[in-house]
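Remarks on the structure that follows.
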Amino acid sequence: MAKSLNYLILLSLLAIVPSCFCEKSQGGSLYPQFYDHSCPKVEDIVWSVVAKAVAKEPRMAASLLRLHFHDCFVKGCDGGVLLDSSGSIISEKRSNPNRNSARGFEVIDEIKAAVEKACPETVSCADILAITARDATLLAGGPNWEVPLGRRDSLDASLSGSNYNIPAPNNTFQTILTKFKLKGLDLVDLVALSGSHTIGDARCTSFRQRLYNQSGNGQPDNTLNQAYAAELRTRCPQSGGDQNLFKLDYVTPFKFDNSYYKNLLAYKGLLSSDQILLTKNQDSMKLVKQYAENNEFFFQHFAQSMVKMGNIAPLTGSRGEIRRICRRVNH
């Protein structure tokens with residue numbers, strides 16, 4: 001545990017150095033200055049569109065942040081999540097984690113169109129997702145970080161990867177940790193990145209079992225505050241209401257802060273995958289308590305873990321392509 005914390009602190013020191021020591025991957029590396037000459041305005045363009053979208057609908061910040069996460073956990077951060085079904089491509093938008101849930105694609109389309117106008121065939125959709133995730137976090141009041149860039153876009157999608165690699169709300173702690181470790185992430189990354197649930201919504205269907213039948217014995221989850229559970233049942237019945245939306249952080253639902261962790265300490269985490277960070281592992285429990293006490297510490301770890309997640313198996317060099325439209329491959 002101490003080792004991984006020290007490693008993260010070392011990473012944060014490296015992030016201050018002007019040249020990026022981002023992990024080399026597959027013949028190339030990502031660095032924040034990648035578009036300084038080829039598309040110097042890219043970050044300004046992304047910011048202006050994201051800011052407009054979040055001002056219009058605050059929930060969009062969480063939706064855009066989640067798209068980057070759901071992209072990176074399937075074959076790496078390669079823009080695969082954005083592809084529509086066509087020809088031999090079966091869209092990841094149809095997967096269980098994304099169906100009736102993933103959103104914000106129109107915002108990415110708008111950003112891409114504006115970026116293409118300024119710098120045709122230069123900036124990847126994968127990089128747009130990475131910048132957008134940072135900007136969405138910042139606009140909701142969260143931390144800032146330099147986004148390493150230089151990813152290219154995939155030529156295909158993986159429906160099965162989307163179904164099996166993305167952590168699910170009902171997965172056990174060990175299953176979720178294993179899914180993180182398979183991507184080169186660790187327990188600190190798991191607890192810090194779960195903090196993105198300080199904003200956004202979840203559907204009734206994603207936590208219903210906690211209210212009625214957590215372990216198959218017809219009993220509610222005993223790690224869920226009973227008064228809170230009673231309140232949730234009013235809008236999440238045993239059957240029906242699957243798509244009813246609930247705030248992941250009911251205290252400050254649109255503010256990116258550490259109240260998510262404070263809610264966990266009060267046994268008011270909405271998803272099972274949230275609450276188990278407190279109840280199923282000593283090391284994760286310690287981090288939950290530290291983040292609940294210290295917002296800056298949470299912000300520091302979150303930013304570092306986002307950079308690390310953004311570095312999962314990018315396509316670089318001549319691999320993949322720069323899509324002209326994010327929803328489809330060029331040819």
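Numbers here are sequence positions counted from 1.
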Exercise. Tell me, please, which residues at least two apart from Leu138 pass side chain to side chain contact (heavy atoms under 4.5 Å, CB included).
Key: Trp47, Arg134, Asn144
Practice problem: Could you list the residues that satisfy ring pair (Phe, Tyr, Trp, His ring centres under 6.0 Å) with Tyr35, not counting sequence neighbours? | Solution: none
Exercise. Taking atom types as modelled, find out whether Lys179 and Asn171 have a side-chain donor-acceptor pair closer than 3.5 angstrom.
Key: yes
Self-check item: ring pair (Phe, Tyr, Trp, His ring centres under 6.0 Å) against Tyr267, all qualifying residues, sequence neighbours excluded
Solution: none
Quiz item: Does any donor atom in the side chain of Ser259 or Thr252 lie under 3.5 Å from an acceptor atom in the other side chain?
Solution: yes
Quiz item: Got a sec, which residues hit ring pair (Phe, Tyr, Trp, His ring centres under 6.0 Å) with Phe173, two or more places apart in sequence or on another chain?
Solution: none
Quiz item: Any side-chain donor paired with an acceptor under 3.5 Å for Thr198 and Asp257?
Solution: yes
Quiz item: Within 45° of the axis and under 6.0 Å from the centre of the six-membered ring of Phe246, does NZ or CZ of Arg235 qualify?
Solution: yes
Exercise. Could you tell me which residues satisfy ring pair (Phe, Tyr, Trp, His ring centres under 6.0 Å) with Phe105, sequence neighbours excluded, listed by chain and number?
Key: none
Quiz prompt | Any donor-acceptor N or O pair under 3.5 Å, side chains Gln209, Asn170 | solution = yes
Quiz item: According to the disulfide (SG to SG under 2.5 Å) rule, which pairs have a member within residues 186-283, sequence neighbours left out?
Solution: Cys204-Cys236
Quiz item: Have Arg327 and Ser86 got a donor and an acceptor in their side chains that come within less than 3.5 Å?
Solution: no
